[in-house]
K.L.:
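Once you've had a glance at the structure underneath, I'll fire off some questions.
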Number of protein chains: 2
Amino acid sequence: MTPTLDDRGAQVLRLVVEDYIETAEPVGSRTISKKMGQVLSPATIRNIMADLEETGYLCQPHTSAGRIPTGAGFRYYINYLLARRELARSERDLLQKVTVEGVSGADDVVRHASRLLSNLSRHACVVVVSRYSHQALRSISLLRASSDRILLVAVLQGGWVQHRLIEEDAGLTTEELEKISGYLNEMAVGLTLPQLRVRILNEMRKEKARYDRLMRKALLLGSKALADSVPGEVYIEGRANILEQPEFAEDFQKLKRILHAFEEKSVILQLLDAALESDAIQVSIGSENPVEGLPDISVVASGYHQGETAMGSIGLIGPIRMDYSRVIPLVEYTAHLLSSVLEHR
Amino acid sequence: MTPTLDDRGAQVLRLVVEDYIETAEPVGSRTISKKMGQVLSPATIRNIMADLEETGYLCQPHTSAGRIPTGAGFRYYINYLLARRELARSERDLLQKVTVEGVSGADDVVRHASRLLSNLSRHACVVVVSRYSHQALRSISLLRASSDRILLVAVLQGGWVQHRLIEEDAGLTTEELEKISGYLNEMAVGLTLPQLRVRILNEMRKEKARYDRLMRKALLLGSKALADSVPGEVYIEGRANILEQPEFAEDFQKLKRILHAFEEKSVILQLLDAALESDAIQVSIGSENPVEGLPDISVVASGYHQGETAMGSIGLIGPIRMDYSRVIPLVEYTAHLLSSVLEHR
DNA sequence: AATTAGCACTCGAACGGGTAGAGTGCTAAA
DNA sequence: TTTAGCACTCTACCCGTTCGAGTGCTAATT
């Protein structure tokens, strides 16, 4: 599929991409010639660049400017030319420390990781926790919250806690509540929330004929609590990093589109969707990303999991001109870290 | 203190402010003359405006431009000249509906309100929930979260739920846990979280001499859970509205400062701090606000409460040139709404 | 056959002058 | 006290010029 380049072409492409990542300016033949130690003259480079332009890897913003990489150029770079710059020991330690230390719930873990990742990368970091619903239940408890409200607390496999208030007028005594709790627990443990929901609906059909008032109550409360599906959470840290990118500072329209996107949970979810199920890094460059109307950003994301279950994804959002050689190892490491920290919860 | 203006001066000031709020452009004498139905000629208006400039209510960005109001000008306008534009019935209904409907926890209530308020006002809306710690406890429960973690769930007066995971290696049985729960509950009910903390520390001192193992455990767990103070929450909705303001679209530096501020919880807390204790609307104009380095924004905020307890504040953040006549009633109504909705939780 | 020097060409950014227009302040008349 | 009149000021905008970076092409060189 992708046309393969000869060595020289590849090297020039690599240098152009890397220079452009660094400067955000079109790259000229002279610059590349210098970077190669003047093994080839600017004129030769020009010929090579003209070829690269024909192949679709480079383009010119206008006739008398240098070249900038196209989406395809970046794609080729990432697929074949990228030299990963692994994290420094100190960075790994920092991430590890911050992620583990002084945080209690699994929610805190991902938030801390996100914050730090955005700081280290100087890009906006997004974490999606979408798969509460894939985690098995460890326990369910019902607590009285007020005279007409009951609090259902669900502890999931691995540190996630969900709670929900249910309206409930029939004055249940503490003992009854405990009994109901017990019923629900018996049904629930080991199931996921959606599975529990289905089970409750089934039981309700059977139960109609039966007599146990409390069991009926248990089913009713359970079905109320699970009526709406479990929402995912989206945390975004370091949005303001977007402002530091010259391409967005100069083009206000692009900036607006991006910052608007950050306000819409659904858009963010779409952007990171591809990474959800996979443990491998997903990179979507510019118009490759699944959201129409955001052709100017790249997303580098990876799923993270808890035991066998995919739990969500973490990713960076920045300009197409991201420093992939650094950003990819960063995201990768953080995702692995999350997975391993969460495993022991 | 504040110099009082004669009728004409006040009217001109009012018209200048209102025109400037609308257009974001310096206002000329001709415009004002027209707005007054040409009762006075531009030349006269110029004299009046020159007076207003001397008094410090207006200023000129440069010699041959119209006038724009100073901070003091806005302050005078808000204190003495503002004509409130009350909300339409439909808006009140909408706010009421969205705030009450389909939400369960008190947290949801404020978030929904915030979102809607930002939409109605077209400004960024901030809600602070800082006073969990002022709410009395209704109940405390301990649940086993995993083999080495216990989940403490605290239900506060009025729909707020706090939970925290505590590391705990000594394998406690369910019965023991229940008993400990009971101990804590006895101590806790009716106290606020900080009060409970103090009480636990006191009891610990006394308890040292005594013998009850479970009671000691209860105190230990309680003190662990309450070690760090209760954090407040800050929700920001509609940040992107800032981008629609011409003054920020044109001045990138200002924009950056504001969006950076949104990333720092502490800055936001400072901005809304004055509103916390008070039920009355607080307006801080430009450099009046307590945060250095944000002289270009105004904050219109009000506290909201639950029963007798101040719970937090809700406010709008926008350019100095906000439409106060509309924004003030909006915030006021929403804050009252929050207070009344939360009261019945 | 590949490379390169040389050169004409193109385009954008930066600079400067000139103009139009909005708005002012001042003065003198009403 | 108000206002008409007028000179003045300043900005925004347009336009032409220049400068420089970078190109493509061609012909000479290796």
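In what follows, every chain begins at residue 1, and chains take the letters A, B, ... in the order their sequences are listed. Just so it is clear, the values below take in all heavy atoms, side chains as well, and ignore hydrogens, waters and symmetry mates.
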K.L.:
Counting side-chain heavy atoms from C-beta on, which of C:dT4, D:dC25, D:dA4 comes nearest to A:Leu40?
P.N.:
C:dT4
K.L.:
In whole angstrom, give the distance that lies between atom NE2 of A:His62 and atom P of C:dT10.
P.N.:
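Going from NE2 in A:His62 over to P in C:dT10 covers 15 Å.
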K.L.:
Say whether B:Tyr324 and B:Ser298, considering side chains only, have a donor N or O and an acceptor N or O under 3.5 Å apart.
P.N.:
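The answer is yes; a qualifying pair exists.
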K.L.:
If I take atom CE in residue B:Met36 and atom C1' in nucleotide D:dT2, what distance separates them, rounded to the nearest angstrom?
P.N.:
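After rounding, the gap between these two atoms is 13 Å.
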K.L.:
In whole angstrom, what separates A:Asp7's CG from C:dA2's P?
P.N.:
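Atom-to-atom, A:Asp7 to C:dA2, this comes out as 16 Å.
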K.L.:
Using modelled atom types only, decide if a donor and an acceptor are shared between the side chain of B:Ser302 and the backbone of B:Val331 within a distance under 3.5 Å.
P.N.:
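Not confirmed, B:Ser302 side chain does not pair with B:Val331 backbone.
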K.L.:
Measuring from atom OG of B:Ser41 to atom CG of B:Asn47, what distance do you get when rounded to the nearest 0.5 angstrom?
P.N.:
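These two atoms lie 8.5 Å from each other.
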K.L.:
Between B:Gln38 and A:Gly66, who's closer to the 5' end of DNA chain D by nearest nucleotide?
P.N.:
B:Gln38
K.L.:
Round to the nearest Å and state the distance from A:Arg46 atom CZ to C:dT4 atom C1'.
P.N.:
10 Å
K.L.:
Quick one: label A:Thr44 by what it contacts on the DNA or RNA (base, sugar-phosphate, nothing), any heavy atom closer than 4.0 Å.
P.N.:
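Base: the residue A:Thr44, judged by heavy atoms under 4.0 Å, touches a nucleobase.
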K.L.:
Taking all non-hydrogen atoms of both residues, which atom of B:Arg321 and which atom of B:Gln245 are closest, and how far apart?
P.N.:
NH2-OE1, 2.7 Å
K.L.:
If you only use heavy atoms from C-beta on, which nucleotide in C:dC11, D:dT9, C:dT24 is closest to the side chain of B:Thr63?
P.N.:
D:dT9
K.L.:
Among C:dT24, D:dT9, C:dG23, which is the nearest nucleotide to the side chain of B:Arg67?
P.N.:
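Ranking C:dT24, D:dT9, C:dG23 by closest atom to the B:Arg67 side chain puts C:dT24 first.
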K.L.:
Determine whether a donor-acceptor pair (one donor, one acceptor, N or O, separation below 3.5 Å) exists between the side chain of A:Ser64 and the base of C:dT10.
P.N.:
yes
K.L.:
In whole angstrom, give the distance that lies between atom CD1 of B:Ile45 and atom P of D:dT2.
P.N.:
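Answer to the nearest Å: 10 Å.
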K.L.:
Nearest whole angstrom, please: distance from the C1' of C:dT3 to the CD1 of A:Ile48.
P.N.:
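The distance from CD1 of A:Ile48 to C1' of C:dT3 comes to 10 Å, rounded to the nearest Å.
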K.L.:
Looking at A:Gly9 and A:Leu52, what are the two nearest heavy atoms and their distance?
P.N.:
O-CD1, 3.8 Å
K.L.:
With the side chain of B:Gln60 defined as its heavy atoms from C-beta on, choose the nearest nucleotide among D:dG24, D:dT2, C:dT24.
P.N.:
C:dT24
K.L.:
Nearest to the side chain of A:Arg30, heavy atoms from C-beta on, is which of D:dG22, C:dT24, C:dT4?
P.N.:
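Output: D:dG22.
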K.L.:
Look at the side chain of A:Arg8 and decide which nucleotide, out of C:dT3, D:dT3, C:dG25, has an atom nearest to it.
P.N.:
C:dT3
K.L.:
Can you check the A:Asp51 CG to D:dC25 P distance for me, whole Å?
P.N.:
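Taking atom P of D:dC25 as the reference, CG of A:Asp51 is at 12 Å.
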K.L.:
Whole-Å distance between C:dG12 C1' and A:Glu25 CD?
P.N.:
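Between C1' of C:dG12 and CD of A:Glu25: 12 Å.
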